[in-house]
Amino acid sequence: MRLMIPLVLMSLAACAPQGETGNAATAAANAAMPVVQPGMRGDEPADSASATAARDLVEHYFAMIDKRDYAGAYRLWGNGGKDAGGTAQEFAESFAIYSKYEPQAGTASEIHARDGMQYVLVTAKAHVENKKTRKTADREGAVMLRRSTNPDDPVVEKRDWRIWGVDLRVRS
């Protein structure tokens, strides 16, 4: 997706009539940028307080999993936990295959605001051991979080960071 925007902008610039200044390309670039309304959240750097808060939530999530508080960890997912892809019981059962699950939060990415939501990725790792086979694996990936750009969103759950995806894959 990131590649598409520069390609579109370059295509637009290439289509500009000869002798025209870069104003058409500049206008197209500005049109592609999200407009942040006063009082709303927008893009933020990776070292912002918001990115730190997202990373803290991932650390809290992993601490709950470490304590086997799967119900608490499930509640940190968006849509009342439904973004986890199943019920709270199914979520808890997904960890039953491990005799060891040692997750670790990494760093947060820049925050991007699109379509009324802010998005951030937090890198993560997990060292796991299968209960039956005793095979271990190191997994790496990201925890994806989102929240409303409106800090006063009428849906209380959308005001704070919520997990909407975890993608930890076996390291090759």
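The figures here come from the full heavy-atom set of this structure, side chains too, leaving out hydrogens, waters and symmetry mates.
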Approximate separation, where rounding is to 0.5 Å, of [X] [atom1] and [Y] [atom2]:
X	Y	atom1	atom2	result
N130	Y98	CG	OH	8.0 Å
L121	T107	CG	OG1	10.0 Å
M144	W164	CE	CH2	6.0 Å
Y74	Y61	OH	OH	11.0 Å
S99	K132	OG	NZ	12.5 Å
D66	K100	CG	NZ	11.5 Å

Sub-4.5 Å side-chain heavy-atom contact between [X] and [Y]:
X	Y	value
R147	D160	no
V143	L57	no
L145	Y119	no

Quiz item: Can R41 and S148 be counted as having a side-chain donor-acceptor contact under 3.5 angstrom?
Solution: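 No pair is found: no donor N or O on one side chain lies under 3.5 Å from an acceptor on the other.
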Backbone N or O of [Y] within a donor-acceptor pair of the [X] side chain at under 3.5 Å?
X	Y	answer
K125	G106	no
W161	R55	no
E44	A51	no
R139	A126	no
T149	M40	no
D43	A113	yes

Of all heavy-atom pairs between [X] and [Y], which one has the smallest distance, and what is that distance?
X	Y	value
L168	G141	CD2-N, 3.6 Å
Y70	A92	CB-CB, 3.6 Å
R159	D153	NE-O, 2.6 Å
W77	G165	CZ3-N, 3.6 Å
A108	A46	O-CB, 3.5 Å

Quiz item: In this structure, are over 12 heavy atoms from other groups packed under 6.0 Å from K82 atom NZ?
Solution: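 For K82, atom NZ is not crowded (no more than 12 foreign heavy atoms under 6.0 Å).
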Quiz item: Around E59, counting heavy atoms of other residues, nucleotides and ligands shown, do more than 12 lie under 6.0 Å from its CD?
Solution: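 Yes, because the 6.0 Å sphere around CD of E59 holds more than 12 heavy atoms from other groups.
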Quiz item: Checking salt bridge (charged side-chain N to carboxylate O under 4.0 Å, His left out) against D83, which of R162, R75, R146 comes through?
Solution: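 Between D83 and the candidates, salt bridge (charged side-chain N to carboxylate O under 4.0 Å, His left out) is satisfied uniquely by R146.
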